[in-house]
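Values below: every heavy atom of this structure, side chains too, minus hydrogens, waters and symmetry copies. Sequential numbering from 1 along the given sequence is applied to the chain's residues. Whatever order the structure lists them in is the order used to number ligands and atoms, beginning at 1.
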Amino acid sequence: MIRTEKIKEVKECVKAWKKEGKTIGLVPTMGYLHEGHASLIKKAREENDIVIVSDFVNPIQFGPKEDLATYPRDFEADCALCESIGADLIFHPEPEEMYAPDFCTHVGVATLSEHLCGARRPVHFNGVCTVVTKLFMISQADRAYFGQKDAQQLAIVRRMVRDLNYNIEIIGCPIVREEDGLAKSSRNTYLNPMERKAAVVLHQALTEAEAKIRAGETDAAEVRRIISNIIEDEPLARIDYVEVVDWNELQPIEKIDGPVLVAIAVFIGKVRLIDNFIVE
Ligand code: AMP
């Protein structure tokens with residue numbers, strides 16, 4: 001497996017692979033890889049001749065009060081995991097390699113960024129779209145793999161690709177969970193043992209709500225109430241948002257009568273966790 005911090009080196013490899021007619025799958029990550037990331041890399045491995053994993057904590061998608069400085073990192077462990085799955089290249093640039101001092105070009109997706117995490121993290125999705133665009137250009141990938149764990153991100157990237165005619169196919173992958181249902185996340189490592197136990201409340205609340213919708217509940221306010229009540233019963237949890245939106249435009253709805261995304265963000269102590277489900 002090739003490890004590189006340099007854009008130029010990735011481009012040289014890509015040029016050679018393309019010349020041989022090979023297909024390329026890209027898995028963009030911020031590192032500290034776990035089984036959620038591994039599921040994306042495995043799928044990319046199955047569907048492409050070449051697999052590129054990017055491992056980059058992208059500074060421009062973090063707000064000033066967010067956890068950029070403390071975001072967990074373990075590049076050696078990431079390399080071992082990628083190598084064990086059979087990735088061909090891991091791209092691990094420094095911020096300076098990605099952003100020149102006078103960098104001033106950004107990509108953004110309007111409507112879909114208005115609610116959910118977009119409303120609470122004003123710079124986040126412009127930062128995501130910008131770095132993802134750069135990674136698409138650098139890797140010239142045929143396919144890119146994103147987790148439903150970040151459902152708003154998946155929808156936004158898909159829309160960006162459609163609206164701007166990027167030559168890449170976006171593959172969405174299901175959420176990988178711990179045995180007790182907690183969605184795997186690099187940020188779970190911030191939780192102390194008591195918080196880790198409490199964090200299961202996100203999945204419990206969503207499971208209850210999903211069952212209600214599948215049994216015929218169409219009132220979005222009732223769905224939000226069910227979720228909020230369960231989370232509020234957990235003393236270590238504090239709701240950031242509980243939202244029910246349509247799965248196309250990500251706009252809040254009152255009545256569930258089509259594909260729906262139910263998404264939540266909850267602080268467990270100081271750790272902000274997200275989770276969701278989609279009913280098509
Ligand atoms: P991150 O490193 O958190 O930026 O995540 C990189 C990619 O992995 C994103 O497309 C995430 O949605 C995906 N991902 C993170 N956690 C999970 C999970 N538990 N299950 C599936 N995909 C995940």
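Gln152 and Gly118 get closest at one heavy-atom pair: OE1-N, 3.4 Å. Residues Cys117 and Tyr241 share a closest heavy-atom pair of SG-OH, 3.1 Å.
With salt bridges taken as basic N to acidic carboxylate O contacts below 4.0 Å, none links Lys255 and Asp246. Between Glu243 and Arg224 there is no salt bridge, since no side-chain nitrogen of the basic residue lies less than 4.0 Å from a carboxylate oxygen of the acidic one.
Annotation: ring-ring contact (aromatic ring centres under 6.0 Å, His included) contacts of His92 (sequence neighbours excluded): Phe75.
The 4.0 Å heavy-atom shell around ligand 1 contains residues Pro28, Thr29, Met30, His34, Gly36, His37, Leu40, Tyr71, Phe146, Gly147, Lys149, Asp150, Gln153, Pro174, Ile175, Val176, Lys184, ordered by chain and number.
Annotation: cation-pi pair Lys134/Phe103 absent, no NZ/CZ under 6.0 Å from the ring centroid and within 45° of its normal.
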